[in-house]
Amino acid sequence: MFSKILIANRGEIACRVIKTARRLGIKTVAVYSDADRSARHVAMADEAVHIGPSPARDSYLVGDRLIEAARRTGAEAIHPGYGFLSENPGFAEACGKAGIVFIGPPPAAIHAMGSKSEAKKIMEKARVPLVPGYHGDDQSADLLAREADRIGYPVLIKASAGGGGKGMRVVENPAKFADALAGAKREAKASFADDHVLVEKYLTRPRHIEIQVFADSHGNCVYLFERDCSIQRRHQKVIEEAPAPAMDPARRKAMGEAAVAAAKAIGYQGAGTVEFIANQDGTFYFMEMNTRLQVEHPVTEAITGQDLVEWQLIVAAGGAMPLTQGQLRIDGHAVEVRLYAEDPARNFLPSTGTLVHLRLPEEGPHVRVDTGVRQGDTVTPFYDPMIAKVIVHDRDRASALRRMAALMGETEVVGVTTNAALLKALCAHPAFVGGEVDTGFIERHRDSLFAKLQPADDRALAVATLARLVEWQEATAVAARASGDPWSPWTRQNAFRLLDEGHDEVRWKDGEREAAVIARRQRAGGVRLELPHGALDAEVRRLEEDRLAIRLGDDTFTASVVRRQTSDGVDYTVFADGASRRLRLVDPLDVTQYEAAASGEAAVRAPLPGKIIDLRVKVGDSVSKGQPLLVLEAMKMEHTLAAPMDGKVKALRYAVGEQVAEGAELVEFEDEG
Ligand code: ADP
Ligand code: ADP
Ligand code: MG
């Protein structure tokens, strides 16, 4: 076995690999870019090497620097994690040449599966079933369009070099083919420097079912059962589970054996995943093979009781796999959710910012949390916006989903927008719990899942107001101590003021709505809150930093309230009853917040740094709320930005091809009304 390895990755996967290495007594070397100087994976490793500037192409993707770092630190092997160089045959080969073991399959196997088109050709020969489609070398637009006609619409265009859902377009009818092809090629070029595409039949209501395979250098090859990863957005996984709902043993065996055949066809070694797309009737087709550890491998670890990173290390060091097919068993059910910094309501646009408050579920016998960040860390636009993976293992699917829904309700993140509420809604959705599983689930159930952000209810308003009162009280106490005369009336604030009526008004803004809460201090202690729907007596006490113990009417509960000063105001995020609500404090002394609203002007700003790749409107156009204005390419994906209101385009600040900074004003509007 190795005594020291280098992890050529970052984030949660780097941390996860370090954990197993540590347990096995293997020393670890982390690598980091400028943006990751104080990242969690750097802190966890035994040593760390700086490899360059923040953009991945200047750091995590520079193979030579990684190999040099391994050589300098005496690491005998490199674990590539997933993403980055994990599926780059050139890098695997360069490791070998430098005398360093690449913890992954042989370069030839990576190469064979690196192109989805080439992989389909190989699988065709190995008699693994394929989705009907075209995966040839001729890339002329005319030919591809004719092939699409032959296959029959809807079709799916995919980047051959694709991954992570990038460079993929569903096309409903022939009229839309040319545009979609151009978009897919553009994205493929930007992400993979290769715009070769394939076209295949787009299945309706399919399931994504994949098989974990493992092979060693002694000729053994097994499958560690399946994962169902059908719950997706933008063709990317959001929830994964094992085993797959309603899988029967005969089909499991057929799929497992097809996956093993695929692995054997390319002389595979190490961990790999064969992805299938399956119809509801159980028929399945080969989609692609990922020649690396998969993001969702923990659900397989949970149900098999195995550590797949340990298996990878054993196999890479030349050992035989710990178990044979006959020794592998499935125990219970596991579910993983990917907690992303993204905004589901804005078409899952990634969200960047500092995690000023972060409370992830606690690990325990049923719960595992894999993360690469801590409170105070920043989600930057440079890398994947995943905050954490939460994995639950329980005796059956219903129990696991129930537990997960509860955990998502307790997850607290302030500083970036997350998909936690959506994950909770998914895990608690009766149709999903009932076994309705396919890749169109989120779209189809959009309305019930995205239940419109309700206006702040009285409870959230009460909690935010109580947090404000506690702050005042604490500030008053500090001021009194500082003045030297704790009893001076001049150091008392607001409701305590002499000759005052003894009440405070706190105004909150919840989206577009405003609500006022009046707080009257009671002689007997406590406070009476006059809320939009009635009055309630309340008491509040601070437990720790952001946590309050509250009595409201007859209810006693704890809630977290996180106060955050932003450039344009103060926000209070209230976490209570398994939901979060952000309220903007309305400060009557701050006039700037009224100016923008009064002038009837608004602007669309860049949510992320990126490049303008398409303008859909001209100056002077009248647009309606929700109408697409422009396309921004950020984090290697295209994001369409829409009009925030009905209005007229007053100015366009950038032209196609221009680079824009985060927060840059892109489109200026004027209200027509
Ligand atoms: P990536 O490399 O981005 O993972 P995949 O080929 O694995 O690309 O496809 C990603 C997802 O796109 C699948 O999980 C599935 O939801 C969807 N998808 C892929 N091929 C098809 C198809 N032929 N019909 C319907 N959906 C598909
Ligand atoms: P899986 O197929 O393992 O579930 P996905 O295809 O959803 O994984 O996501 C893996 C993809 O995410 C990679 O192909 C890569 O494009 C991207 N990715 C993976 N790891 C990272 C990372 N650490 N930083 C940035 N992007 C990553
Ligand atoms: Mg895939």
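Whatever order the structure lists ligands and atoms in, that order sets their numbers, starting from 1.
- With ligand atoms numbered from 1 in the order given, ligand 1 contributes 10 (C), 11 (C), 12 (O), 17 (C) to contacts under 4.0 Å with heavy atoms of His235.
- The N/O atoms of Leu203, backbone and side chain alike, include one that comes under 3.5 Å of an N/O atom in ligand 1.
- Results of the side-chain contact (heavy atoms from CB on, under 4.5 Å) test with Thr273 over Met289, Glu296, Arg227 single out Arg227 as the only residue that passes.
- A side-chain N or O of Asp281 and one of Thr283 form a donor-acceptor pair less than 3.5 Å apart.
- Interatomic distance, Phe225 CZ to Ile211 CD1, rounded to the nearest 0.5 Å: 10.0 Å.
- The aromatic rings of Phe84 and Tyr60 lie parallel to each other, their planes meeting at an angle below 30°, with 60° marking the opposite boundary.
- Of all non-hydrogen atoms in Leu224 and Thr300, the two that sit nearest each other are O-CG2, 3.5 Å.
- When only interatomic distances are considered, the shortest N/O to N/O separation between Ile277 and ligand 1 does not fall below 3.5 Å.
- The two residues Gln306 and Leu323 have their closest heavy-atom pair at NE2-CD1, 3.4 Å.
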Practice task
Could you go through the side-chain contact (heavy atoms from CB on, under 4.5 Å) check for Phe214 and Leu308 one step at a time?
Solution key: CA-CA 9 Å; Phe214 234 106; Leu308 296 188; 4.0 Å; yes

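- For ligand 1, the atoms lying closer than 4.0 Å to a non-hydrogen atom of Lys158 are 6 (O), 19 (C), 20 (N).
- Set against the non-hydrogen atoms of Gly162, the atoms of ligand 1 under 4.0 Å away are 2 (O).
- The distance between the ring centers of Tyr82 and His297 does not fall below 6.0 angstrom.
- Per residue Glu288, closest N, O or S atom to the Mg ion (ligand 3): atom name OE2.
- Residue Glu275: an N/O/S atom is found under 2.8 Å from the Mg ion (ligand 3).
- Residue contacts with ligand 1 for Lys116 involve side-chain atoms from C-beta outward but no N, CA, C or O (heavy atoms, distance under 4.0 Å).
- The closest approach between any non-hydrogen atom of Lys237 and ligand 1 is not below 4.0 Å.
- Aromatic pair Phe348/Tyr340: centroids not less than 6.0 angstrom apart.
- Every atom of ligand 1 is numbered from 1 in the order shown, and the set under 4.0 Å from a heavy atom of Gln232 is 11 (C), 13 (C), 14 (O), 15 (C), 16 (O).
- For a threshold of 3.5 Å applied to N or O pairs, the pair formed by Lys166 and ligand 1 contains no separation below that value.
- The atoms of ligand 1 that sit less than 4.0 Å from any heavy atom of Leu156 are 18 (N), 19 (C), 20 (N), 21 (C), 22 (C), 27 (C).
- Close approach of ligand 1 to Glu200 (heavy-atom distance below 4.0 Å) involves ligand atoms 20 (N), 21 (C), 22 (C), 23 (N).
- By the 3.5 Å distance cut-off applied to N or O atoms, Thr439 is not counted among the residues near ligand 1.
- Within the 4.0 Å heavy-atom criterion, the part of Lys201 lying near ligand 1 is the backbone and not the side chain.
- Judged by the 6.0 Å distance and 45° axis criteria, Arg252 is not positioned over the aromatic ring of Phe284.
- Close approach of ligand 1 to His208 is summarised as follows: ligand atoms under 4.0 Å from at least one heavy atom of the residue are 13 (C), 14 (O).
- Taking every non-hydrogen atom of Glu288 and a distance limit under 4.0 Å, the qualifying atoms of ligand 1 come out as 1 (P), 2 (O), 4 (O), 5 (P), 7 (O), 8 (O).
- Between Arg403 and Ser399, the side chains place no donor N or O within less than 3.5 Å of an acceptor N or O (distance only, hydrogens not considered).
- Backbone and side-chain nitrogen or oxygen atoms of Glu275 are examined, and one is located within less than 3.5 angstrom of a nitrogen or oxygen of ligand 1.
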